2 protein chains.
Amino acid sequence: MTDDIKDHVGSLEKGLAVIAAFDGATPRLNVAQAARKTGLTRASARRYLLTLARLGYAESNGRQFQLTPRVLRLGYAYLSSTPLPKIAQPIVDQIGERTGEVASLAALENDEVVFLGHSTTRRLVSASTSVGLRFSAHCTALGRVILAAQSEADVARFLADLQPEKLTPHTRTSVTDIHAAIIQAGRDGFSVSDQELEIGLRSIAVPVSDSHGRVKLGLAVSLQAGRMSVADMIANILPVLRAGRAELETML
Amino acid sequence: MTDDIKDHVGSLEKGLAVIAAFDGATPRLNVAQAARKTGLTRASARRYLLTLARLGYAESNGRQFQLTPRVLRLGYAYLSSTPLPKIAQPIVDQIGERTGEVASLAALENDEVVFLGHSTTRRLVSASTSVGLRFSAHCTALGRVILAAQSEADVARFLADLQPEKLTPHTRTSVTDIHAAIIQAGRDGFSVSDQELEIGLRSIAVPVSDSHGRVKLGLAVSLQAGRMSVADMIANILPVLRAGRAELETML
DNA sequence: TTATAAATGTGCGTATAACGAACATTTTAT
DNA sequence: ATAAAATGTTCGTTATACGCACATTTATAA
């Protein structure tokens, strides 16, 4: 992939891959597991894990390693260095207040939606929501509206690499259906995800353009499905999202 | 520092230092700035920035680099891999509901407090609160209660490296005063930070022990100073924190 | 507009960082 | 108790990453 590319630091790539190898399924890794997950040799993986531990990003009980809160500093480097979440927060809060539901700002990152902000006065919608959390783009309203604004080549690449999981009975898994939903989102200028990600969770999202007209962000409101029909979301929440989006776009 | 240490990957250390060089003061870095901030040569810094851009962790407008949301994945690797925030969330929520204020869970990381979770049904207390956000430990209740449970050597090291900023007129900046406040927190088993971090912000915190009796975490409630006196916080909120702490400790 | 300062891109020779295989030892699972 | 898996370590090797120097470009100040 990056073999023989000039000015590339392969050791950084491998080190970041080792950090990313930790996940919910394997919160602790021993050296052999880390080697398997990253494709590194055991000796290499061991060196990276020891280095992370020495730098304070991981700790070890002897044989197993786990990450420490210090790795949040890396994500924090992004949050503190971009004015976007700060600029957007009042608008996200305002949408949350006007709709009485949870509003969110998110970006698309490869095949996942990553949250950049939530309204502060939130009601409980889903089990776990926080900045940095990410969901599969194929079954989120946010993912569809951002994808709809990408080039055909980018969408084709997204679909080509896609291995969609059926997260609920409502989750589309056919690439054709997913593509059609993305196209529909482009036509409508919004998208609704109705219990595709999680039973009981219903979301509506709009894309957000920057000053060059590019779309890398989306705004969404999410709620418990029993609280409002899709039709009412379109009638009552979509206008609030669009108004918030218009205001945010004057700041980008 | 780590020169001549076995099994150390220096390139990973340098790469992570480059990521951490981005902050609120310098959200965008050119090659020369990154070199100065990290102590690397310009050529080295350039290689790391190009590598981060190639891997999608940064982007460049030609000469200036900025981080992308992808670096949140690194922090997310911690959040998704540790059960702690998931386990603690119901308790943090419960504290938030019982007190009607914002409850938080945090860890101490060197000289800073880093938030690991907030109660979901939150009222607006401070401008910006999210997981991963960090504050100076010397003027937070959370920082003091966690520090109070560390070894004398660790506290001495903390104080030796401290360069306290006067964030409000109430912020202690004398190392002697800061040390005394840490000792008092140890005696009391709790601490109150009264507008030391931010005008209008008042917090009370308790330390949380793990099953080995070590303290790496704290639980806190924060509120607008006008809403409750310090005496009332001690009388009414401290018991709720202690109850929540007792419950959380059974799970650690 | 011009001069100066700052930043950058690149090539290339060099040093050592990181590699990986092999082997002995330890830990874990059956 | 045995087998499987994991680990720690050594050491020769390779290629990764370095850093300097120089030419070029960009930004800033006059």
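Labels below follow one simple rule: chain letters A, B, ... track the order of the sequence lines, proteins then strands, and each chain is numbered from 1. Owing to the predicted nature of the structure, the values given are computational and were not obtained by experimental measurement.
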(message) Reading DNA chain D from 5' onward, which residue's closest nucleotide shows up sooner: A/Ala32 or B/Ser44?
(response) A/Ala32

(request) Map B/Thr41 and A/Gln33 onto DNA chain D by nearest heavy atom, then report which one ends up closer to the 5' terminus. (result) A/Gln33

(message) Please check this pair: side chain of A/Thr140 against backbone of A/Gly143, looking for a donor-acceptor N/O pair closer than 3.5 Å.
(response) yes

Without decimals, in angstroms, what is the distance between [X] [atom1] and [N] [atom2]?
{"X": "B/Phe65", "N": "C/dA7", "atom1": "CZ", "atom2": "P", "answer": "14 Å"}
{"X": "A/His8", "N": "D/dA15", "atom1": "NE2", "atom2": "P", "answer": "16 Å"}
{"X": "A/Asn30", "N": "D/dA4", "atom1": "CG", "atom2": "P", "answer": "19 Å"}
{"X": "A/Arg28", "N": "D/dA6", "atom1": "CZ", "atom2": "C1'", "answer": "18 Å"}
{"X": "B/Leu12", "N": "C/dA18", "atom1": "CG", "atom2": "P", "answer": "9 Å"}
{"X": "B/Glu13", "N": "D/dA17", "atom1": "CD", "atom2": "P", "answer": "15 Å"}
{"X": "A/Arg54", "N": "C/dA18", "atom1": "CZ", "atom2": "P", "answer": "11 Å"}
{"X": "A/Leu52", "N": "C/dA18", "atom1": "CG", "atom2": "P", "answer": "13 Å"}

(message) Heavy atoms from C-beta onward define the side chain here; which of C/dA7, D/dC18, C/dC19 lies closest to that of B/Tyr48?
(response) D/dC18

(message) By nearest atom, which of the nucleotides D/dA17, D/dA6, C/dG20 is closest to the A/Arg36 side chain?
(response) D/dA6

(message) Any donor-acceptor pair under 3.5 Å linking the side-chain atoms of B/Lys37 with those of B/Thr26?
(response) yes

Below 3.5 Å, can you tabulate the donor-acceptor pairs from side chains in residues 243-252 of chain B to any protein atom, sequence neighbours excluded?
residue  : atom : partner  : partner atom : Å
B/Arg245 : NH1  : B/Pro207 : O            : 2.6
B/Glu249 : OE2  : B/Ser209 : N            : 2.7
B/Thr250 : OG1  : B/Glu247 : O            : 2.7

(message) If I compare all heavy atoms of A/Glu196 with all of A/Thr171, which pair ends up nearest, and what's the gap?
(response) O-OG1, 2.6 Å

(request) Compare every heavy atom of A/Leu116 with every heavy atom of B/Pro69, then report the nearest pair and how far apart it is. (result) CB-CD2, 4.1 Å

(message) Quick test of your reading of the model: are A/Asp7 and B/Arg46 salt-bridged, counting only N-O distances below 4.0 Å?
(response) yes

(request) Rounded to the nearest 0.5 Å, what's the gap from OG1 on A/Thr68 to CD on A/Glu59? Could you check? (result) 6.5 Å

(message) Nearest 0.5 angstrom please: A/Ile91 CD1 to A/Leu241 CG, how far?
(response) 12.0 Å

(request) Using a cut-off of strictly less than 4.0 Å, decide whether B/Lys14 has a side-chain nitrogen or oxygen near OP1 or OP2 of D/dC18. (result) yes

(request) Would you indicate, yes or no, if D/dA17 has its OP1 or OP2 atom less than 4.0 angstrom from a side-chain nitrogen or oxygen of A/Ser11? (result) yes

So which protein nitrogen or oxygen atoms get under 3.5 Å of nucleotides 9-13 of chain C's nitrogens or oxygens?
residue : atom : partner : partner atom : Å
C/dG9   : OP2  : B/Arg46 : NE           : 2.8
C/dG9   : N7   : B/Arg42 : NH1          : 3.3
C/dG9   : O6   : B/Arg42 : NH2          : 2.7
C/dT10  : OP2  : B/Arg46 : NH2          : 3.4
C/dG11  : OP2  : A/Lys6  : NZ           : 3.0

Distances under 3.5 Å between protein N/O atoms and the N/O atoms of nucleotides 14-16 of chain C, please, pair by pair.
none

(message) Quick one, A/Tyr57 and B/Leu74 - any side-chain contact, counting heavy atoms below 4.5 Å?
(response) no

